[in-house]
Amino acid sequence: MNKGACENTKGDLNSFKLTKRAPTLRGEVKAYLKSLNEIRDYPIGGTKYMKKLLGLAMVGMLVASAIPAKAEIFKNLQTKGELEVYGVMTHNVTDLNSSLGDDYRNTYNRITYGAAFDMLDDLHANLTFVKNDRMWGENAQAISGAAGNSILENIYLQEANIVLDDLFGLKAKIGRSFYGNEGDIIVYYGNQHMVDGLPTSSVDLASFVREDSIKGMDNAFELTYAKTLAAAAPLQDTGANFWAVKDVLRFNSDMDMGLFIYNQRTGNNSPVIDGQNLWVLDLNHHGKAMGFNWGAELAMNLGTWDKATQPTRNYKGWAAKLDIAYEAKVQNIGLTPRFMFAYGSGDNQGANGGGQSDKNFRALNPNFQPGYIFGKSNGNFASAVPGVQPWTDNSLSNLQVWNLGVDVDVTEKLSFIVDGYNFWVNSLAAGSFGGNRHIGAELDLTGNYAYAKNVDLGLYAAKFYPGGLLANANNGAINSSYKIGSYVSVRF
């Protein structure tokens with residue numbers, strides 16, 4: 001199941017083919033007129049027709065702003081995108097109690113459209129537009145002028161950056177951008193797939209990458225600065241930002257080792273966490289051999305939280321994650337059994353720690369979402385846990401997850417995915433939830449049909465079985481929850 005053509009990978013500044021040409025305004029106009037003629041050659045309604053038409057629409061919007069800069073943007077205009085429809089039907093997801101009305105049935109839409117063009121021979125621009133505000137059943141939207149509910153007012157420019165091929169030997173990306181990998185336990189900004197609401201995020205950054213060789217092995221180094229929250233006023237210390245230093249050494253085409261260092265700082269009056277100086281050190285390894293694919297990751301926290309109204313706390317959290325899969329074939333049917341274990345430390349003093357230390361694993365903007373119900377639902381168990389929930393949504397903090405799964409490729413087009421999860425809290429305050437740390441278990445069944453190379457259709461069914469923690473939180477008045485989903489993904 002392809003999770004989308006619009007995802008960015010770590011340090012990936014080569015999303016589009018870049019070529020040389022002389023920037024001339026006359027060339028822009030000629031190329032545009034030529035493109036108008038070429039569109040007649042494509043069958044109406046075909047993929048090439050639609051892609052060319054979308055590209056021309058984008059070009060038309062850019063013409064006025066491009067004229068003063070005299071940047072040729074037509075010959076090598078590159079486009080990419082994804083159209084998604086995601087429907088869900090749930091039962092007991094928020095409160096785990098069949099007697100209360102918490103069922104919901106929603107169908108979400110998201111359109112992602114990206115374009116890249118050259119401003120100079122070695123200077124390029126990327127734009128990505130996203131619209132994901134509308135659900136099925138809502139009224140059609142006006143193109144503009146509908147007091148915040150028009151199409152144009154709900155198209156967000158999630159990426160707007162430039163790429164410099166050679167800035168003192170570095171490839172640089174500067175501007176608004178997606179960042180990281182979907183599912184990352186530390187930081188991710190981008191499209192989230194198969195999640196209620198189909199949310200999207202991006203971040204303002206400056207990223208610099210250098211690729212070279214060390215003793216015959218490829219090495220990639222990245223330095224990134226990102227501003228995640230602007231100050232409320234120019235002279236107020238309320239902002240938030242992070243630095244990332246990454247180095248990946250590839251031993252060969254099948255194995256690599258990475259060392260990532262993050263530092264997140266928040267202002268002394270920041271609404272996020274005031275006075276935070278958080279460090280995250282992350283060592284990771286990926287490889288494949290003899291049919292096996294694996295990944296291992298170990299992360300630890302350093303730094304302090306200097307909140308003015310409380311004693312300084314030292315960050316002491318840590319996390320680990322292991323993924324193993326084996327690719328096999330049985331009578332022309334592909335079988336890929338999988339195993340995943342993830343552990344994030346907790347603190348029995350609560351979400352903010354206690355005393356002089358905070359042992360909860362802290363991350364920058366994590367995207368850890370295991371399970372259609374536990375990880376990817378709106379308000380999962382929000383009403384079933386009174387007070388402060390001992391785990392954090394999208395985060396590995398104070399959480400232990402076991403996962404066994406198998407991918408079954410029946411044909412080139414038809415596949416099935418089975419996943420079983422077991423969820424535990426690692427640390428509880430004394431006397432809470434009867435001392436039971438078991439959140440529950442989940443079973444997910446997914447069927448995927450590749451209608452075409454870039455078109456996926458799918459259905460899934462999920463059931464969550466509450467554990468002792470949730471039962472004790474509700475004096476035993478607890479029921480299983482269910483979720484059925486469908487999706488269509490068209491990538492271009």
Side-chain angles (χ1 to χ4, degrees), residues 1 85-108 135-137 183 192-199 338 340 342 344 366-406 416-426 428 432-434 436-448 458-487:
M1 179 170 54
V85 179
Y86 178 51
V88 297
M89 181 172 62
T90 71
H91 178 62
N92 292 344
V93 165
T94 60
D95 61 19
L96 297 171
N97 192 324
S98 296
S99 65
L100 301 179
D102 67 333
D103 301 351
Y104 61 87
R105 298 167 179 82
N106 297 322
T107 300
Y108 310 98
M135 295 192 298
W136 280 22
Q192 297 181 37
H193 294 82
M194 311 286 283
V195 179
D196 289 4
L198 296 178
R338 294 175 285 102
M340 185 271 286
N367 185 241
F368 185 63
Q369 300 171 321
Y372 290 125
I373 295 177
F374 183 86
K376 298 179 181 294
S377 295
N378 280 334
N380 53 334
F381 319 141
S383 302
V385 183
V388 179
Q389 190 172 270
W391 69 90
T392 304
D393 291 346
N394 301 325
S395 172
L396 188 51
S397 180
N398 199 28
L399 189 64
Q400 181 183 151
V401 182
W402 298 80
N403 168 227
L404 283 175
V406 61
F416 295 95
I417 303 168
V418 182
D419 275 295
Y421 297 93
N422 214 331
F423 303 98
W424 297 76
V425 164
N426 289 321
L428 286 175
S432 63
F433 304 102
N436 196 313
R437 298 185 296 109
H438 187 215
I439 303 171
E442 180 172 331
L443 178 64
D444 296 346
L445 305 175
T446 306
N448 187 80
L459 292 169
Y460 71 77
K463 181 176 181 179
F464 185 86
Y465 304 84
L469 184 153
L470 292 170
N472 290 343
N474 293 270
N475 298 317
I478 208 80
N479 301 105
S480 297
S481 61
Y482 304 86
K483 187 175 184 180
I484 297 174
S486 63
Y487 59 88

Counting only N and O atoms by type, is there a donor-acceptor contact under 3.5 Å from the side chain of [X] to the main-chain atoms of [Y]?
X: Glu442; Y: Phe374; result: yes
X: Arg437; Y: Val425; result: yes
X: Ser397; Y: Gly344; result: no
X: Tyr86; Y: Met194; result: yes
X: Asn92; Y: Ser480; result: yes
X: Asn97; Y: Ile478; result: no

I need the [X] [atom1] to [Y] [atom2] distance, nearest 0.5 Å.
X: Asn403; Y: Asp419; atom1: CG; atom2: CG; value: 5.0 Å
X: His91; Y: Ser98; atom1: NE2; atom2: OG; value: 3.5 Å
X: Asn106; Y: Thr90; atom1: CG; atom2: OG1; value: 8.0 Å
X: Asn472; Y: Ser432; atom1: CG; atom2: OG; value: 10.0 Å
X: Ile484; Y: Arg105; atom1: CD1; atom2: CZ; value: 9.5 Å
X: Thr446; Y: Leu459; atom1: OG1; atom2: CG; value: 9.5 Å

How close do [X] and [Y] get, counting heavy atoms only, and between which atoms?
X: Phe368; Y: Ala342; answer: CZ-CB, 3.7 Å
X: Lys483; Y: Ser377; answer: NZ-OG, 3.0 Å
X: Asn436; Y: Leu428; answer: O-CD1, 3.4 Å
X: Gln369; Y: Val195; answer: OE1-CG2, 3.5 Å
X: Phe423; Y: His438; answer: O-CD2, 3.2 Å
X: Asn367; Y: Gly183; answer: OD1-N, 2.7 Å

**Asked** side chain to side chain contact (heavy atoms under 4.5 Å, CB included) between Thr107 and Val85: does it pass, once the steps are laid out?
**Response** CA-CA 7 Å; Thr107 300; Val85 179; 3.7 Å; yes
**Item:** Distance-only polar pair, side chains of Asn378 and Tyr104, donor-acceptor under 3.5 Å
**Value:**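 Tyr104 and Asn378 do not have a side-chain donor-acceptor pair below 3.5 Å.
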**Request:** Mind running side chain to side chain contact (heavy atoms under 4.5 Å, CB included) on Asp196 and Val88 for me, showing each step along the way?
**Result:** CA-CA 8 Å; Asp196 289 4; Val88 297; 3.7 Å; yes
Quick check: do [X] and [Y] have side-chain heavy atoms less than 4.5 Å from each other?
X: Val385; Y: Phe433; value: yes
X: Leu445; Y: Val418; value: yes
X: Thr392; Y: Pro366; value: no

**Item:** Tyr421 and Ile373: CA distance, side-chain angles, deciding distance, side chain to side chain contact (heavy atoms under 4.5 Å, CB included) verdict
**Value:** CA-CA 11 Å; Tyr421 297 93; Ile373 295 177; over 6 Å; no
**Under-4.0 Å salt bridge between Asp444 and Lys376** =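 So Asp444 does not pair with Lys376 through a salt bridge.
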**Request:** Starting from the C-alpha separation in whole Å, work towards a yes-or-no answer on side chain to side chain contact (heavy atoms under 4.5 Å, CB included) for Asp95 and Asn474.
**Result:** CA-CA 10 Å; Asp95 61 19; Asn474 293 270; over 6 Å; no
